[in-house]
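Reviewing the structure listed below.
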Amino acid sequence: MEKRVIRKETLAGIVGELAGKMRVCAPMKAEDEVLFRVLEAGEKPLIEFANAKNAPKNFLFPRTETLLKFTRTGKGMVFAGDQKDGGETLLFGVRPCDARSFTLLDMLFDQEKYRDPYYLDKREKTTVVALGCVRPPYTTCFCTSVGGAPLSSEGVDILLTDLGETYLAEFLTPKGEALREAFGGTPAGEAEEKQKETIATKAADQISSRIPAKEIKPILDARFEDPFWNTLHQKCLACGTCTYLCPTCHCFDISDEVKRADGIRIRNWDSCMFPMFTKETSGHNPRPSQKERWRQRVMHKFRYYVDNFGAIACVGCGRCVMACPVNLDIRKIVADIAKL
Ligand code: SF4
Ligand code: SF4
């Protein structure tokens with residue numbers, strides 16, 4: 001694995017130049033928010049920012065995606081094949097928690113019994129460049145409680161660490177290596193590596209929000225019917241904001257839209273917070289109230305994902321904590337469960 005030192009003032013220009021050669025998605029200012037979007041050729045991305053409001057999962061698992069097109073003819077249906085998004089993509093400025101979310105999504109979309117070609121096509125063509133959190137941006141960050149770290153390289157192809165005047169660039173995978181020339185710089189030495197280690201330890205210490213996320217699985221196994229679930233959900237508005245902003249939430253719904261003889265099959269993000277989520281055609285809903293829906297959200301992230309894949313389906317980004325309009329805080333919920 002090669003490590004190089006890049007001068008700080010050159011980084012945005014390097015990415016802007018790459019945007020003229022391939023699809024580059026990066027955090028950009030959008031009124032009062034920072035949002036990931038596709039850059040124009042030469043456009044420079046934000047380098048100094050906390051984190052984007054939207055998780056970058058949208059570029060691998062779009063909010064709305066056409067799966068196939070079809071036409072009804074006198075001789076039956078004619079299918080136009082799937083609508084995979086092509087093209088090499090550079091996903092720049094991803095925070096390590098969000099990069100880690102890709103490895104959790106891989107577990108679901110890339111299983112032996114089920115491989116999702118739409119997700120995998122984009123995943124294979126995407127190079128992830130992460131900007132390490134040398135100063136963890138929010139008091140709501142809790143990546144260290146769920147297996148992550150401010151300078152984690154999980155799910156990352158190129159990891160950039162701010163050393164002050166320069167960036168240490170680590171080209172971690174063959175996809176990352178393929179862009180080494182484009183990033184330029186000079187070879188890094190032991191001094192930079194040591195500096196990074198010190199920064200990594202300091203940054204992890206700065207994550208003050210710590211929750212017993214890894215301890216609640218046996219409690220959840222035993223407490224499906226606990227009275228705890230009767231009150232937890234009461235102020236939830238079922239708006240779905242928490243799930244739509246979450247980098248690991250991945251539930252979707254598939255529907256057909258038809259106009260005369262032509263139609264498309266699309267999949268859209270869905271949310272376990274919505275009353276219609278598990279409503280069956282008969283009218284029966286096995287999760288009839290927000291109580292069952294909130295229990296599902298907690299169980300899915302901290303129990304079922306652990307059962308299925310050996311990992312907690314939360315990377316501790318804190319988006320759901322910051323954006324919930326009624327201040328429902330997953331950290332407090334986990335802490336309360338640990339006391340049951
Ligand atoms: S963001 Fe808050 S109010 Fe909205 S669905 Fe999630 S928990 Fe409920
Ligand atoms: S559950 Fe909340 S803190 Fe955890 S990954 Fe999702 S949005 Fe981030």
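Ligands are counted one by one from 1 in listed order, and the atoms in each one are counted from 1 as well.
Hydrophobic cluster membership differs between Val326 and Met322, with clusters built from Ile, Leu, Val, Met, Phe, Trp and Tyr side chains linked at under 4.5 angstrom.
For ligand 1, the atoms lying closer than 4.0 Å to a non-hydrogen atom of Met273 are 5 (S). The distance from ligand 1 to the heavy atoms of Val326 drops below 4.0 Å at these ligand atoms: 3 (S). Interface atoms of ligand 1 facing Gly240, defined by a heavy-atom separation under 4.0 Å, are 4 (Fe), 5 (S). Heavy-atom contacts of Leu328 reach the following atoms of ligand 1: 7 (S) (cutoff under 4.0 Å). Close approach of ligand 2 to Arg297 (heavy-atom distance below 4.0 Å) involves ligand atoms 1 (S). Residue Trp294 approaches ligand 1 through these ligand atoms, each under 4.0 Å from one of its heavy atoms: 7 (S). Atoms of ligand 2 found under 4.0 Å from any heavy atom of Phe142 (numbered from 1 in listed order, with element): 3 (S). The Thr241 neighbourhood of ligand 1 comprises atoms 1 (S), with distances under 4.0 Å to a heavy atom of that residue. Short contacts between ligand 1 and Cys324, defined as distances under 4.0 Å to a heavy atom of the residue, involve ligand atoms 1 (S), 2 (Fe), 3 (S), 7 (S).
Distance check for Cys314 against atom 4 (Fe) of ligand 2: an N/O/S atom falls below 2.8 Å. When distances to atom 6 (Fe) of ligand 1 are checked against a cut-off of 2.8 Å, Cys242 contributes an N, O or S atom below that limit. For a distance bound of 2.8 Å, the N, O or S atoms of Cys239 include one lying that close to atom 4 (Fe) of ligand 1.
The cationic group of Arg295 lies under 6.0 Å from the six-membered ring centre of Phe224 and within 45° of the ring axis, placing it in a cation-pi geometry. With a 6.0 Å cutoff to the six-membered ring centre and a 45° limit on the axis angle, Arg95 counts as a cation-pi contact of Phe49. Lys3 forms no cation-pi arrangement with Phe171, by the criterion of a distance under 6.0 Å to the ring centre and an angle within 45° of the ring axis.
By the neighbour-count criterion of 12 heavy atoms within 6.0 Å, atom CD of Glu9 is densely surrounded, having more than that number from other residues, nucleotides or ligands. Sparse packing is recorded around NZ of Lys279, with 12 or fewer heavy atoms of other residues, nucleotides or ligands lying under 6.0 Å away. Annotation: Arg135, atom CZ; neighbour count of heavy atoms from other residues, nucleotides and ligands within 6.0 Å does not exceed 12. For Lys194, the NZ atom is loosely surrounded, since the number of other residues' heavy atoms within 6.0 Å does not exceed 12. Residue-environment remark: CZ (Arg210) exceeds the threshold of 12 foreign heavy atoms within 6.0 Å.
Protein heavy atom in closest approach to atom 5 (S) of ligand 2: Val315 N, 3.3 Å. Closest protein heavy atom to atom 3 (S) of ligand 2: Gly318 N, 3.2 Å. Looking from atom 8 (Fe) of ligand 2 to the surrounding protein, the closest heavy atom is Cys317 SG, 2.4 Å. For atom 2 (Fe) of ligand 2, the nearest protein heavy atom (residue, atom name, distance) is Cys320 SG, 2.3 Å. From the protein, the heavy atom lying nearest to atom 1 (S) of ligand 2 is Lys301 CE, 3.6 Å. At the shortest separation from atom 6 (Fe) of ligand 2 among protein heavy atoms lies Cys246 SG, 2.4 Å.
Only the backbone of Ala238 comes within contact range of ligand 1, with a heavy atom under 4.0 Å; no side-chain atom does. If you look at His300 next to ligand 2, there are no close heavy atoms at all, none under 4.0 Å.
Without hydrogens or angle criteria, Arg297 side chain to Cys272 main chain gives no donor-acceptor distance under 3.5 Å.
Using a 4.0 angstrom heavy-atom cutoff, Arg331 does not count as in contact with ligand 2. Under a 4.0 Å heavy-atom criterion, Arg100 is not in contact with ligand 2.
Aromatic rings from Phe61 and Phe109 are positioned such that their centres are separated by under 6.0 Å.
With contacts defined as side-chain heavy-atom distances shorter than 4.5 Å, the pair Cys324/Cys242 does not qualify.
Each of Tyr305, Tyr119, Trp269 was compared with His250 under the ring-ring contact (aromatic ring centres under 6.0 Å, His included) criterion, and only Tyr305 meets it.
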